[in-house]
K.L.:
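I have a structure I would like to understand better, so I am pasting it below and will then ask my questions one at a time.
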Amino acid sequence: MPKSYALIDCNNFYASCERAFRPDLVGRPVVVLSNNDGCVIARSNEAKDMGVPMGAPYYKCRSMLERRGVAVFSSNYALYGDMSARVMKILTRFCPEVEIYSIDEAFCDLTGIQGGAEAFGRKLRATVHAWTGIPVSVGVGPTKTLAKLANRFAKKQERCRGVFDFGASPAPDLVLQWTEIGDVWGIGPRHAKRLRKMGVTNALKFRELKRNWVKKKMTVAGLQTLLELRGWPCLDFAMGPVGKKTIVSSRSFGHPVTSLEDMLEATAKYMTRAVEKLRKQRSVASIIHVSLETNRFKLGEPQYSDTLSIPLAISTSHTPTFIRAAQAGMERLFKEGYTYKKCGVMLSGLEPEHGRWLNLLALPPAHRPSDKPLMQAVDNCNTKWGRDTVAFAASGIRQGWKMKREMRSPRYTTVWDEILQVG
DNA sequence: TCTGGGGTCCTAGGACCC
DNA sequence: TCTGGGGTCCTAGGACCC
């Protein structure tokens with residue numbers, strides 16, 4: 001039986017989340033900023049129509065946004081994560097086979113669905129909107145890449161009213177022709193530029209290219225895109241949570257950092273967060289990477305950035321072990337005389353917590369029997385009473401480097417004190 | 001003053017081994 | 001004048017995604 005996939009994508013997700021709790025903002029332009037209120041990362045349709053570009057530095061468009069009455073928010077990931085979970089839960093109710101692809105997107109396997117894909121899509125869209133306030137678009141196609149394409153078409157073409165089934169279209173090639181080459185899933189700016197130069201300006205023209213040429217110039221990833229556009233499924237459908245292979249925690253500082261002390265505090269803090277994520281997916285890690293960088297936009301200042309990898313003697317998820325190693329690494333990386341903008345840590349060599357290889361030669365101080373309950377107790381406290389209820393002293397108290405989020409909306413759905421008040 | 005953060009996969013080329 | 005060849009593993013860097 002031919003496959004049928006739906007891609008459900010939340011429209012302007014972060015902006016829609018802000019709006020879900022602020023009905024006064026319906027019809028008004030809304031933008032959401034990145035960490036540190038750095039740049040624009042989400043825009044409502046009204047803001048897009050005003051020409052606010054994605055990724056625009058906030059300081060450059062701030063006065064324009066104010067002048068035109070745009071509602072501006074710092075990012076509120078607690079809210080977005082929770083809203084995402086609600087949307088995904090609804091999808092799972094309607095369709096047992098769901099692959100959560102990102103915070104605002106999921107694929108559903110509709111193969112063999114009764115009553116037609118479009119009707120299914122309409123029902124899903126109406127339900128998600130009614131239950132969460134989030135508008136979604138639904139695209140359906142015989143491969144994931146075509147479902148993506150259909151989704152874009154549904155979103156951009158008014159007459160689709162949010163749902164488009166590629167398979168039921170009388171003229172699917174026109175949709176391919178309509179899709180600009182850079183908007184094809186899997187074709188990034190580099191390849192798009194080169195293809196355009198050759199006259200391959202849309203998805204239909206790309207589909208006509210020779211397999212061998214595409215494989216040679218764009219590797220197997222490009223070949224998969226080609227075949228998927230031809231209707232051959234190449235990309236797997238992955239249900240259930242997939243454990244990450246690397247875990248990153250890195251952030252720009254709220255203020256420039258010049259001292260080693262601040263750098264070590266931030267390193268401890270980010271490492272704490274990374275290892276929390278590690279335990280959450282029930283994994284252990286064996287390699288640490290630390291990195292730092294100066295502000296690459298300040299052309300006049302001396303620039304320096306570097307990363308360092310540190311193998312641990314044993315795989316673990318014990319936070320103090322990671323903090324010690326990461327700070328030692330950061331001390332080696334740090335050079336006086338530079339003004340730093342950002343640092344980060346990454347964990348790799350991840351394995352499941354149970355059934356991992358043990359290094360028989362290494363002394364395992366990180367695995368005294370008491371360590372695991374300790375970490376568990378820390379996690380429990382922080383889950384119950386909020387992040388950083390229990391923290392590590394190495395992260396410091398002052399935290400002068402902490403990021404700025406001056407326009408964050410209340411965490412309506414995850415913190416009792418910030419719940420929406422009526423009346 | 002002010003420019004995000006977190007991921008995956010592929011390939012080429014070097015190191016190393018026999 | 002004039003290099004051996006072939007395999008595996010690892011890493012850095014590139015390209016892509018949201």
Side-chain angles (χ1 to χ4, degrees), chain A residues 7-14 31-42 53-63 65 72-77 80-81 84 99-107 144-145 148 151-152 181-195 214-225 234-236 238 241-256 270 273-274 277-278 281 287 289 291 293-299 301 306-309 311 339 341-350 403-407:
Chain A
L7 174 69
I8 294 90
D9 186 323
C10 300
N11 301 347
N12 315 324
F13 183 56
Y14 297 169
V31 306
V32 177
L33 305 177
S34 63
N35 284 335
N36 274 316
D37 299 336
C39 41
V40 173
I41 54 166
M54 180 69 170
Y58 179 49
Y59 75 93
K60 283 190 183 168
C61 54
R62 181 175 189 163
S63 61
L65 295 175
V72 178
F73 293 92
S74 302
S75 35
N76 183 346
Y77 290 105
Y80 312 149
S84 172
E99 176 190 338
I100 297 174
Y101 177 69
S102 74
I103 193 164
D104 68 338
E105 275 175 66
F107 288 98
K144 287 172 134 186
T145 304
K148 269 274 195 187
N151 186 288
R152 247 188 81 78
I181 188 67
D183 291 330
V184 175
W185 192 41
I187 297 183
R190 299 298 274 254
H191 289 318
K193 192 174 165 194
R194 152 187 231 161
L195 289 165
V214 171
K215 179 163 183 201
K216 202 168 147 200
K217 302 289 182 185
M218 301 171 66
T219 79
V220 297
L223 181 60
Q224 285 181 336
T225 300
C234 298
L235 302 172
D236 288 336
V242 184
K244 305 262 180 271
K245 295 172 180 173
T246 57
I247 290 175
V248 174
S249 176
S250 72
R251 249 170 279 293
S252 298
F253 304 126
H255 301 282
Y270 300 169
R273 197 67 72 225
K277 292 188 208 169
L278 183 70
Q281 72 163 47
I287 305 170
H289 312 258
S291 61
E293 58 191 79
T294 51
N295 188 342
R296 65 183 192 282
F297 293 102
K298 295 204 168 176
L299 298 173
E301 291 187 2
D306 204 357
T307 69
L308 179 68
S309 302
T339 302
K341 174 65 184 163
K342 180 177 179 177
C343 78
V345 302
M346 182 165 97
L347 305 177
S348 68
L350 269 55
M403 69 181 175
K404 286 185 284 194
R405 269 194 311 204
E406 286 164 358
M407 294 157 289

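Letters go in sequence order (proteins before strands), and every chain restarts at 1.
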K.L.:
Quick one: list whatever passes salt bridge (charged side-chain N to carboxylate O under 4.0 Å, His left out) with A/Asp306, sequence neighbours left out.
P.N.:
none
K.L.:
Base, sugar-phosphate, or nothing for A/Val184, non-hydrogen atoms under 4.0 angstrom?
P.N.:
sugar-phosphate
K.L.:
Between A/Gly243 and A/Asn35, which is nearer to the 5' end of DNA chain B once each is assigned its nearest nucleotide?
P.N.:
A/Asn35
K.L.:
With sequence neighbours excluded, tell me which residues meet side chain to side chain contact (heavy atoms under 4.5 Å, CB included) with A/Lys215.
P.N.:
A/Val220, A/Leu223
K.L.:
Grab the stems for DNA chain C, please: at least three consecutive Watson-Crick or wobble pairs, both distances below 3.5 Å, written as range with range.
P.N.:
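For DNA chain C the paired stretches long enough to count as stems (3 pairs minimum) are B:5-18 with C:5-18.
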K.L.:
Please enumerate all residues that pass side chain to side chain contact (heavy atoms under 4.5 Å, CB included) together with A/Ser84, with sequence neighbours excluded.
P.N.:
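A/Phe13, A/Met88, A/Ile103.
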K.L.:
Holding to ring pair (Phe, Tyr, Trp, His ring centres under 6.0 Å), I want the full list of residues that pass it with A/Tyr58, two or more places apart in sequence or in another chain.
P.N.:
none
K.L.:
Which residues satisfy the side chain to side chain contact (heavy atoms under 4.5 Å, CB included) test with A/Cys61, sequence neighbours excluded?
P.N.:
A/Val40, A/Ala56, A/Leu65
K.L.:
How long is the span from the CG atom in A/Asp9 to the CZ atom in A/Phe107, to the nearest 0.5 Å?
P.N.:
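So the gap between those two atoms works out to 9.5 Å.
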K.L.:
What's A/Tyr58 touching, base or sugar-phosphate or nothing? Going by heavy atoms closer than 4.0 Å.
P.N.:
nothing
K.L.:
Under 4.0 Å between any heavy atoms, over every strand shown, what does A/Arg251 touch: base, sugar-phosphate, or nothing? Just pick one.
P.N.:
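Sugar-phosphate contact only - A/Arg251 comes under 4.0 Å of backbone atoms but never of a base.
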K.L.:
Which part of the nucleic acid, if any, lies within reach of A/Ile247 when heavy atoms closer than 4.0 Å are counted: base, sugar-phosphate only, or nothing?
P.N.:
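Touches sugar-phosphate only.
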K.L.:
Mind checking the CG-NZ spacing from A/Leu347 to A/Lys277? Nearest 0.5 Å is all I need.
P.N.:
9.0 Å
K.L.:
Heavy atoms under 4.0 Å, any strand shown: does A/Ile187 hit a base, just sugar-phosphate, or nothing?
P.N.:
sugar-phosphate
K.L.:
Remember a base hit wins even if backbone is also touched, and classify A/His255 as base, sugar-phosphate or nothing at under 4.0 Å, heavy atoms.
P.N.:
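Here A/His255 touches no strand at all.
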K.L.:
Which is more 5' along DNA chain B, the nucleotide nearest A/Thr246 or the one nearest A/Arg62? Just name the residue.
P.N.:
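On the 5' side of the pair lies A/Arg62.
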K.L.:
Students often get this wrong, so: under 4.0 angstrom with heavy atoms, is A/Asp104 touching a base, only sugar-phosphate, or nothing?
P.N.:
sugar-phosphate
K.L.:
Just call it for A/Lys342: base, sugar-phosphate, or nothing, with non-hydrogen atoms closer than 4.0 Å on any strand.
P.N.:
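Touches sugar-phosphate only.
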K.L.:
In whole angstrom, give me the gap between the C1' atoms of C/dC17 and B/dG4.
P.N.:
15 Å
K.L.:
Regarding A/Lys217, tell me which of base, sugar-phosphate or nothing describes its non-hydrogen contacts under 4.0 Å with the strands shown.
P.N.:
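Nothing: the residue A/Lys217, judged by heavy atoms under 4.0 Å, touches no strand.
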K.L.:
Do the side chains of A/Arg152 and A/Asp183 get nearer than 4.5 Å, heavy atoms only?
P.N.:
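A side-chain contact under 4.5 Å exists here.
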K.L.:
For a quick check of understanding: with a heavy-atom distance under 4.0 Å over all strands, which category does A/Ser75 fall into, base, sugar-phosphate or nothing?
P.N.:
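Nothing, no heavy atom under 4.0 Å.
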K.L.:
Would you grab the first and last nucleotide of DNA chain C (5' to 3') that comes under 4.0 Å of any non-hydrogen atom in chain A?
P.N.:
C/dA15 to C/dC18
K.L.:
Touch check for A/Lys216, heavy atoms < 4.0 angstrom, all strands: base, sugar-phosphate only, or nothing?
P.N.:
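No contact.
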K.L.:
Tell me every residue that passes side chain to side chain donor-acceptor pair (under 3.5 Å) with A/Asn12, counting only those two or more places apart in sequence or in another chain.
P.N.:
A/Asn45, A/Lys48
K.L.:
A/Lys215 near the nucleic acid: base, sugar-phosphate alone, or nothing, with a heavy-atom cut-off under 4.0 Å?
P.N.:
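The residue A/Lys215 makes no contact with any strand.
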K.L.:
Looking at residues at least two apart in the chain, or sitting in another chain, which of them share a side chain to side chain contact (heavy atoms under 4.5 Å, CB included) with A/Glu293?
P.N.:
A/Arg296, A/Ser305, A/Lys342
